[in-house]
Every structure is written in structure tokens, then in C-alpha cells.
Enquirer: 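Have a look at the structure that comes next, please.
Computation of the quantities below employed the complete heavy-atom set of this structure, encompassing side-chain atoms and omitting hydrogens, waters and symmetry-equivalent molecules.
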Amino acid sequence: MSRARPTPPPTADHDGFATQLLAWFDLHGRHDLPWQHPRSPYRVWLSEIMLQQTQVATVIAYFQRFVDGLPDLPALAAAPQEQVLALWSGLGYYARARNLHAAARACVERHGGELPRDLEALVALPGIGRSTAAAILSQAWGDRHAILDGNVKRVLARYHGVEGWPGAPKVEKRLWAFAEAHVADPALPDARMADYTQAQMDLGATLCTRSKPTCLLCPLRGACAAHRDGLTDSLPTPRPGKTLPRREAQLLWLEDAQGRILLQQRPSTGVWASLWTLPQADDATLAREWLATHADPDYDAGEALPSIAHAFSHFRLDLHPRRWRAVALRERVGDNGDLRWVPRTQLTALGIPAPIRKLLESSDATPADHD
DNA sequence: AAGTCGGGGTC
DNA sequence: GACCCAGACTT
């Protein structure tokens, strides 16, 4: 060792953690998730990517739609990016979709069209980190690897009484050490690695929840430090607070005489990268200039629609939509570059951010006669 | 170590 | 409103 550890190494590793957990899983775990039947490396991989920072209930419908359209790795690799983003549309964190796509193509080029059964090779693929790679290997093949996702962090922080925000590298390193120690327990059979990985996540998702954990039914309560010390409400330590900045933007909703909507593809970097949205301006003055440059109607003739408040992880965005109907674009503008007239029936084929799609679908296809 | 990247569920 | 969630990536 290059340096002395300030904290003692995990010693409470072979204490029945895995044994108790597996016994509970057999009776009370989730055995009917879509990616478990059938369970294949491709389906496990896809589910793990979709489940990054996203809850199971949200993922299920997206997973079904995605595997219906792209049922295996070669199909994903051969698909155009537009289709992949359309299937991901509404799920968020769109870099996951682009990385998934790129990783599939890398597997075709480097691994014979299959997902490699190797931790380092998986981590080398875009979008797959240490925990996701371990989850894939243990669930798809039963290989012996520790995972450390949000569920396991919460379970281990309570079970071992680990204080400090789990996102801090120092705390995360301790949690990894505990996770590895449990996996090294000889009482955990190789044949049960897939169940063991699933069991940890099921416990965290159904009993050891962030608020109001159901300790009465927990198979680990006998050795849980937080339960013993009355710290289940304060562990894991919450993330340090930060106030989010607020931004505003104007949305220009233009429809032509046929009811088609003018959409604009966003740049390949930044928020909503490569997705299709309404043309956007930072303020009303710039919105007026954009309209004067691209189309004929008077700005003030547009219908001001209710504002939309949308929260991102790192800022809040207030969108102010304004709508014009039966618009014609100026010469040399439209259906070129990043602008496209899109019929309403084609909206499902494009990757569109959730609040924009909700706005477009909330309104009548025909011009409103009210006033 | 901090910032970037969505959207929905929960309290 | 604030906080969280089957994280990874960039700087």
C-alpha cells in the first residue's frame, strides 16, 4: 500500500448481508421487470442506461417501445441517429441515447457485434461507467462484480453508518470498499450474482427508500447501524444545497397554411443537443428581430400563450411561447439548414424535448375560432 | 472537485 | 418549492 488508511478496512463484510438479502429477494424481490424476460446482454444493457438517474416506473414504457423498434444490438448499430433520438424522446439526458448508439457501433466494429464480457472493455464504451458495467456483467452473465448505484449507496450508507454526501469522492470510495467486501463473501454463490445485484436495487427501491424506509420488514435491520442508532432519517447525508439560476427564453410557434409547424434542430452540443424545438430567442427584442428576418406577420399579431416553467438539474427555464398561424416564410428561408416545416403527424418521428412536445400536442390542430 | 446533462415522482 | 433518482462525462 502506498499510504496508510485513516479509516479501518471494512470488517463487517461476511456478516450475512448477502445471505439475508438473497433470502428476502426470493420472496419479495421484483422478478417481473421487462428486461428480465427474456434477459439478454442487450436488454440488460439498454435497461441499465435508461435507468441511469431515472426511476423504474418511468423507464418501462420507453424500454418496451425501444426494443420493439430496435430489438437487438445490430439493429441499433444500423439505425439512423434520428430514429434513436425519437425512441428516446421524452426520457431526458439525451447524451445517453447518443452514447448508446455510438457504443453499439463500436461493438460491431471491435467486438463482433456483441457486448464484450469484460469490465474494462465495457467501461471503454461510451456511456458505461464502473457501476453500469458491473451491473451488466452480473445480471447478463452472473459474473462477480460489485455495483454502486443510488440504491446501493443508500443501503450501504445506512447499513454501515457512513456519514457524508455519497456524491463526494471520499465518501464514494468508502462505499465502494464496502460493496466490494460484500461481494467477496464466500456465502454469496457465483450462481446467484444476478439475483444479488437485483436484490440490492430492489431493497433500496422498495424498503430502504429515501424517506420513510420500511425498516420493520427489512432483512438487514438486525445489523443496520442507522437502524440501531436511529439515523435512518439523516442517512445518507443530503447533497449540499445550491440555488439554481433562472433563465428565460421566447418560443416562436409558426404554422403555415397547411398547419405544419416550423421546427429547428438544436446544435449537437449543450442542452437538448440535436433535438428539434421551436425557434427560440433569448428575449422579446431578439424574437421580434428573428420574426422580421424570417417571416412576414407582425409580431404583436401573434397569440401569447401561457408561459412554461421547466426545471433542469442545474437551472430553471421559463419559456414564453407566441403563436402565429398561416405563416409564409421569406424567400430562401425554411426547409433548409436547421429549419424544417413538420406536419403534426410527423412529430412522433422526431426527438423533441418533453415540454415542447407537450406544448405542441396540447393545442388544436385547427385554427382556433375563439376570441 | 465542480459543472453539465432531463424529466418525473415525492414530500 | 426542494430534493431525489439503477450516473457518466467534461473541464
Enquirer: Think A:Arg316 has a side-chain N or O under 4.0 angstrom from the OP1 or OP2 of C:dA2?
Expert: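 So the side chain of A:Arg316 is within the cut-off, an N or O lying under 4.0 Å from OP1 or OP2 of C:dA2.
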Enquirer: Which of the following nucleotides, C:dA6, C:dA8, B:dC5, is nearest to the side chain of A:Tyr93?
Expert: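 Within the option list, the nearest is B:dC5.
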Enquirer: Could you tell me how the ring of A:Trp324 sits relative to the ring of A:Tyr299: parallel (under 30°), tilted (30 to 60°) or perpendicular (over 60°)?
Expert: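 Correct class here is tilted.
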Enquirer: Would you say A:Arg154 places a side-chain N or O within less than 4.0 Å of OP1 or OP2 belonging to C:dC4?
Expert: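 Indeed not, no polar side-chain atom of A:Arg154 lies that close.
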Enquirer: Using a heavy-atom cut-off of 4.0 Å across all strands, would you classify A:Thr54 as base, sugar-phosphate, or nothing?
Expert: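 A:Thr54: base contact, heavy atoms under 4.0 Å.
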Enquirer: If each of A:Pro169 and A:Lys212 is mapped to the nucleotide of DNA chain B with the nearest heavy atom, which maps nearer the 5' terminus, i.e. the 5' end?
Expert: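 Residue closer to the 5' terminus by nearest nucleotide: A:Pro169.
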Enquirer: Can you check the A:Asn99 CG to B:dC5 C1' distance for me, whole Å?
Expert: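 Rounded to whole Å, this separation is 11 Å.
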Enquirer: What does A:Arg98 touch in the nucleic acid at a heavy-atom separation under 4.0 angstrom: a base, only the sugar-phosphate, or nothing?
Expert: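 No contact.
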Enquirer: Check this one for me: any side-chain N or O of A:His310 less than 4.0 Å away from OP1 or OP2 of B:dG6?
Expert: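 Looking at the OP1 and OP2 atoms of B:dG6, neither is under 4.0 Å from any side-chain N or O of A:His310.
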Enquirer: Looking at A:Arg260 and A:Glu255, is there a salt bridge between them, counting it only when a charged N and a carboxylate O are closer than 4.0 Å?
Expert: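 Between A:Arg260 and A:Glu255 there is no salt bridge, as every charged N stays at least 4.0 Å from the carboxylate O atoms.
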Enquirer: In whole Å, I'd like the distance from the CZ atom of A:Arg266 to the C1' atom of B:dG6.
Expert: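 Nearest whole value for this atom pair: 12 Å.
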Enquirer: What does A:Ala135 touch in the nucleic acid at a heavy-atom separation under 4.0 angstrom: a base, only the sugar-phosphate, or nothing?
Expert: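 A:Ala135: no heavy atom of the nucleic acid under 4.0 Å.
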Enquirer: Any side-chain N or O of A:Gln53 below 4.0 angstrom from OP1/OP2 of C:dG7?
Expert: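 Checking C:dG7 against A:Gln53, a side-chain N or O does come within under 4.0 Å of OP1 or OP2.
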Enquirer: Would you say A:Arg266's side chain and A:Leu275's backbone share a donor-acceptor pair under 3.5 angstrom?
Expert: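 A pair under 3.5 Å: no.
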Enquirer: Look at the side chain of A:Arg130 against the base of C:dA6 and say whether a donor-acceptor pair falls under 3.5 Å; ignore hydrogens and angles.
Expert: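 No pair found.
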Enquirer: Is it the case that B:dG6 (base atoms only) and A:Ser313 (side chain only) share a donor and an acceptor within less than 3.5 Å, ignoring hydrogens and angles?
Expert: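 Yes, a donor-acceptor pair under 3.5 Å.
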Enquirer: C:dA8 phosphate, OP1 or OP2: any side-chain N/O from A:Thr132 under 4.0 angstrom?
Expert: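 So the side-chain polar atoms of A:Thr132 do come within 4.0 Å of the phosphate oxygens OP1 or OP2 of C:dA8, strictly under.
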Enquirer: Identify whether any heavy atom of A:Val56 sits under 4.0 Å from a base atom; if not, whether one sits that close to sugar-phosphate; answer base, sugar-phosphate or nothing.
Expert: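 If one applies the 4.0 Å heavy-atom cut-off, A:Val56 turns out to touch a base.
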Enquirer: For A:Ser211 and A:Lys242, find the nucleotide of DNA chain B closest to each by heavy atoms; which residue's nucleotide sits nearer the 5' end?
Expert: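 So the residue in question is A:Lys242.
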Enquirer: With heavy atoms under 4.0 Å as the rule, sort A:Leu33 into base, sugar-phosphate or nothing.
Expert: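 Answer is base: heavy atoms of A:Leu33 come under 4.0 Å of a base.
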Enquirer: Side chain of A:Pro355 only, heavy atoms from C-beta on: which candidate in B:dG6, B:dG9, B:dG7 is closest?
Expert: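 Closest nucleotide to the A:Pro355 side chain: B:dG7.
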Enquirer: Within less than 4.0 Å of OP1 or OP2 of B:dG3, is there a side-chain N or O belonging to A:His314?
Expert: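 Checking A:His314 against B:dG3: no side-chain N or O falls below 4.0 Å of OP1 or OP2.
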Enquirer: Between A:Arg288 and A:Asp300, does any side-chain N to carboxylate O distance fall below 4.0 Å?
Expert: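 Judged by the 4.0 Å cut-off on N to carboxylate O distance, A:Arg288 and A:Asp300 do form a salt bridge.
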Enquirer: From CH2 of A:Trp272 over to P of B:dC5, roughly how many Å is that when rounded to an integer?
Expert: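 About 12 Å, once rounded to whole Å.
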Enquirer: Just checking A:Ile147: base, sugar-phosphate only, or nothing, at a heavy-atom cut-off of under 4.0 Å?
Expert: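 Nothing: the residue A:Ile147, judged by heavy atoms under 4.0 Å, touches no strand.
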Enquirer: Check for me whether the distance between the ring centres of A:Trp35 and A:Phe63 falls short of 6.0 Å.
Expert: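 Yes - the distance between ring centres of A:Trp35 and A:Phe63 falls below the 6.0 Å cut-off.
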Enquirer: So A:Phe17 and A:Tyr159, would you call those rings parallel, tilted or perpendicular, with 30° and 60° as cut-offs?
Expert: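 Rings of A:Phe17 and A:Tyr159: perpendicular, over 60°.
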